[in-house]
Amino acid sequence: MAQIKKKKSELPVSDNKGLMFLRENLGILIALAILCVLLSFLPATSSSFLSSQNIFNVLRQISTNMLIACAMTMVIILGGIDLSVGSIIALSGVIAAGCVARYNLPIAAALLAGVLVGTAIGVFNGFVISTTTIPPFIVTLATMNIARGLAKVYTGGSPVRVMSKQWQFIGGGYVGFIPVPVIIMVIAVVATALLMNKTKMGRHIYAVGGNAQAAVFSGIRVSTVKFTVHVYAGLMAGIAGIILASRMYSGQPTAGEGAEMDAIAAVVVGGTSMAGGAGKIGGTIIGALIIGVLNNGLNLMNVNSFWQDVVKGAVILLAVFIDYIRNKNA
Amino acid sequence: MSKKILLEMHHVHKRFAGVHALNDVSFELREGEVHALLGENGAGKSTLIKVLGGIYQADEGEIHIDGNKVEIKGVEDAKKNGVAIIHQELVLVSHMTVAENIFLGREFGKGVLVNRRKMNEEAQKLLDEHQVHIRADVLVGKLTIAQQQMVEIVKAISQNSKILVMDEPTSSIADKEVEFLFETMRELTKRGVGIIYISHKMSELEQICDRVTVMRDGMYVGTEVVKNTTKDKLIAMMVGRALENYYTRDYHEPGEEVLRCEHISDGNMVKDVSFHLKKGEIIGFAGLVGAGRSETMKAIFGLTKDVSGEIMINGGKVKVTSPVEAMKHGLALVPEDRKQEGLYKVQSVRFNMTIEVLEQFIKGISVDDKKEIELTQKYIDMMSTKTPTQMQKIGNLSGGNQQKVIIGRWLATNPNVLILDEPTRGVDIGAKSEIYVIMNELVKKGVSIIMVSSELPEIINMSDRVYVMAEGRVTGCLNHDEVTQEAVMLLAAH
């Protein structure tokens, strides 16, 4: 009889999650650190960069991108893409502002309406993507145009203004010394991280993105997973929309233009593969921070905004390139 | 066997960061010979072929072609010296025609204009010459995998290749097509082409190969003339020890009936299939490719819509319309196509092992890491899976170890009925034999197993009873003591 040696191997000690996080994100963490050190010592920025006011400023600026980047991470891990989030920002913003300016609804109800509109677009995306085989790229390209169009139709193309201190709380207010959008961002990041790392749904998202056919064999309800993720993306974009509308005292039909690309940039810089099946929220957080700090630094240095785009593009390419080299040598 | 020597590789060494992938390997190929290269996964076969094909350069050693020493520094050098490699994954362009593929990069015509008609004619002439019955103007994407392989062969020959390397060409094609492939190969050898044939399948050696060279752990073990050797001897050479009782099976009286399927049809490939399974029994499902065996398993596992017929588990009638329900009733299905239907390739061994039993350690938003690690380790040990750590990406493991993880994943669900669809496909011999041992242990513990397999020896040596299917129907059921290759084939060709 063929002998099988059953080695009673030692149980591995529980993995050190912190160490793994460091190892996985070493490249971009170093990039972020270099960026921060540079900005702290460069004569043009050293006086302002490390002030607490500026730090909160950066965090507030990245809050909306962080929200949709979190959702985008999930969508991309699922093997898809969501191009509609930028337009959802505009639509939910103008609807929320319209509810106050045009129908005199209470501010809380108006904000809720804005979030619900965003979620509804997510429900629509999710429904089509989970029940058909139309590629998510096409579906969300369509809803991107539809949502942007609806925002323009509703407003006639000009901003819907809301002048009230209460309205401004969500986007510009503070709790203690912390800006409200930063608090919302932290809650969203923690919620997304918990969802992805600590729940069955999170595992299922990785499984469906890694191999949808195998997921069917594993008894995973693939369409439920896809639906949930796209609804979540709509929800996050809706929240981002009301934050932005609040901060700008108005719902603007052009708000969030290109926001989907900034989110994708944060996700990709954070090391999530566009092929799906792998990636981490932690990486996306660092990715969004890099992009935010970079924007801030360029502003502090008074770099022309046209050049800022060029620098941003170069940094994205560089970050992904470093990742590519690391993977090749691994 | 006094034909001219086409290729000699002398004392080849190749080292990768600390691994001695080729250790003093020598190999020889004669004109008109099919020379098999045999060895388990990781034995160094592909490395040797890559050295010959110019993808790797040898650290030491010499290559002689037609008696002259040659330097193969790149793919171009290999081509120049008449070496062509037909890779396992085909590299034809599927939306181009056969002719365009054959002459890719050396199109006919003047300047940028391609003389399509002349190219088609030339290609057709080549195909006919080699008795490959394919039209030159059809799109490659419309061909079967076997036909595509033959196009690759013709392409190689048209480039004056004398040394053809075929890397597991039959791993993904049907039996009938294998015969066509072999005919093409025989025809080539008559013209003096030498073929190096890499395969896991022992049965093919006798059919097509003249000599066989065995490798193990990067080393040359020996070369045998196929006619004068035995399968057992070759296996012993491959694994480095004699595998007495390659199959492990202790027969015992099976218990109560645990599963009965009556008149299962899926409106397509499965027609009125009935069978039953007792506790502690292994039943085999034999038949030709396309007989509807895998489809039957998918139907009872809830993967197919609109299945008619009755499924009874432990005597009670049940309805199974999804894998989740099937799992609730104690069924488990290890799928046929590991890559497509089983692996989460970019994820870890641990992720792959526990994906179906998440509820055992995830409650709401709290994950019991320790329990997950223990669970994973339990099935790694049970399946004697070789992996450096639990966090290793499963894509980096060998086929055999991947399969063990997938089987472990399903064992973790504690099934009463385990369905194994081609459990040893693409698995090396050592791992195969270990999988049989595990199957034997499982049935001793009272698990019942349905094994779908295209490998008759495995069906014959492991099953209590064998159902044979042909064209979607069960054409017969044979008891352990009446199963022979002939009896099965007779029913399979029904």
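Naming: A, B, ... by sequence-line order, numbering from 1 per chain.
Looking at heavy atoms from C-beta onward, B/Leu358 lies in side-chain contact with A/His204 at the 4.5 angstrom threshold. Proximity of A/Asn197 to B/Ile365: side-chain heavy atoms (C-beta onward) are nowhere separated by under 4.5 Å. Between A/Asn211 and B/Lys345 there is no side-chain heavy-atom pair separated by less than 4.5 Å. Counting heavy atoms from C-beta outward, A/Tyr206 and B/Phe351 have side chains that approach closer than 4.5 Å.
Within 6.0 Å of CZ on B/Arg249 lie more than 12 heavy atoms contributed by other residues, nucleotides or ligands. More than 12 heavy-atom neighbours from other residues, nucleotides or ligands sit within 6.0 angstrom of OH on B/Tyr379. Around CZ of A/Phe127, the count of heavy atoms belonging to other residues, nucleotides or ligands within 6.0 Å does not exceed 12. Residue-environment remark: CZ (A/Phe137) stays at or below the threshold of 12 foreign heavy atoms within 6.0 Å.
For chain A, the nearby part of B/Phe301 is the side chain; its heavy atoms alone come within less than 4.5 Å. When heavy atoms are compared at a cutoff of 4.5 Å, A/Ala215 approaches chain B by way of both its backbone and its side chain. For B/Thr354, the part lying near chain A is the side chain, with the backbone staying farther off; criterion is any non-hydrogen pair under 4.5 Å.
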Yes or no on salt bridge (charged side-chain N to carboxylate O under 4.0 Å, His left out) for A/Arg203 and B/Glu372, after CA distance, side-chain angles and deciding distance? CA-CA 13 Å; A/Arg203 298 281 179 115; B/Glu372 183 179 13; 2.8 Å; yes
May I have the step-by-step check of side chain to side chain contact (heavy atoms under 4.5 Å, CB included) for B/Val324 and A/Arg221, ending in yes or no? CA-CA 9 Å; B/Val324 180; A/Arg221 292 188 171 88; 4.0 Å; yes
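Between B/Val346 and A/Gly276 the shortest heavy-atom distance is CG2-O, 4.4 Å. When all heavy atoms of B/Arg409 and A/Ser218 are compared, the pair lying nearest together is NH1-OG, 3.8 Å. Taking both residues in full, the closest heavy atoms of A/Phe217 and B/Pro323 are given as O-CB, 4.2 Å, listed atom of the first, atom of the second, then distance.
The CD atom of A/Gln213 sits 5.5 Å away from atom CD of B/Gln340, with the distance rounded to the nearest 0.5 Å. The structure places CG of A/Leu194 at 10.5 Å from OG of B/Ser366, a figure rounded to the nearest 0.5 Å.
Chain A forms the most heavy-atom pairs under 4.5 Å with one residue out of B/Glu359, B/Lys363, B/Glu356, and that residue is B/Glu356. Taking chain A as the reference chain and counting heavy-atom pairs below 4.5 Å, the highest number among B/Ile362, B/Leu343, B/Asn352 is found for B/Ile362. No other option in A/Ala207, A/Ala212, A/Gly202 has as many heavy-atom pairs under 4.5 Å with chain B as A/Ala207.
A donor-acceptor pair is defined here as one N or O able to donate and one able to accept, closer than 3.5 Å; such a pair exists between the side chain of B/Gln347 and the backbone of A/Gly277.
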Please set out all donor-acceptor pairs under 3.5 angstrom arising from side-chain atoms of residues 400-408 of chain B, sequence neighbours excluded.
residue  : atom : partner  : partner atom : Å
B/Asn401 : OD1  : B/Lys386 : N            : 2.9
B/Asn401 : ND2  : B/Ser398 : OG           : 3.2
B/Gln402 : NE2  : B/Ile394 : O            : 3.2
B/Gln402 : NE2  : B/Leu397 : O            : 3.3
B/Gln403 : OE1  : B/Arg338 : NH1          : 3.1
B/Gln403 : NE2  : B/Pro423 : O            : 2.9
B/Lys404 : NZ   : B/Ser384 : O            : 3.0
B/Lys404 : NZ   : B/Glu434 : OE1          : 2.3

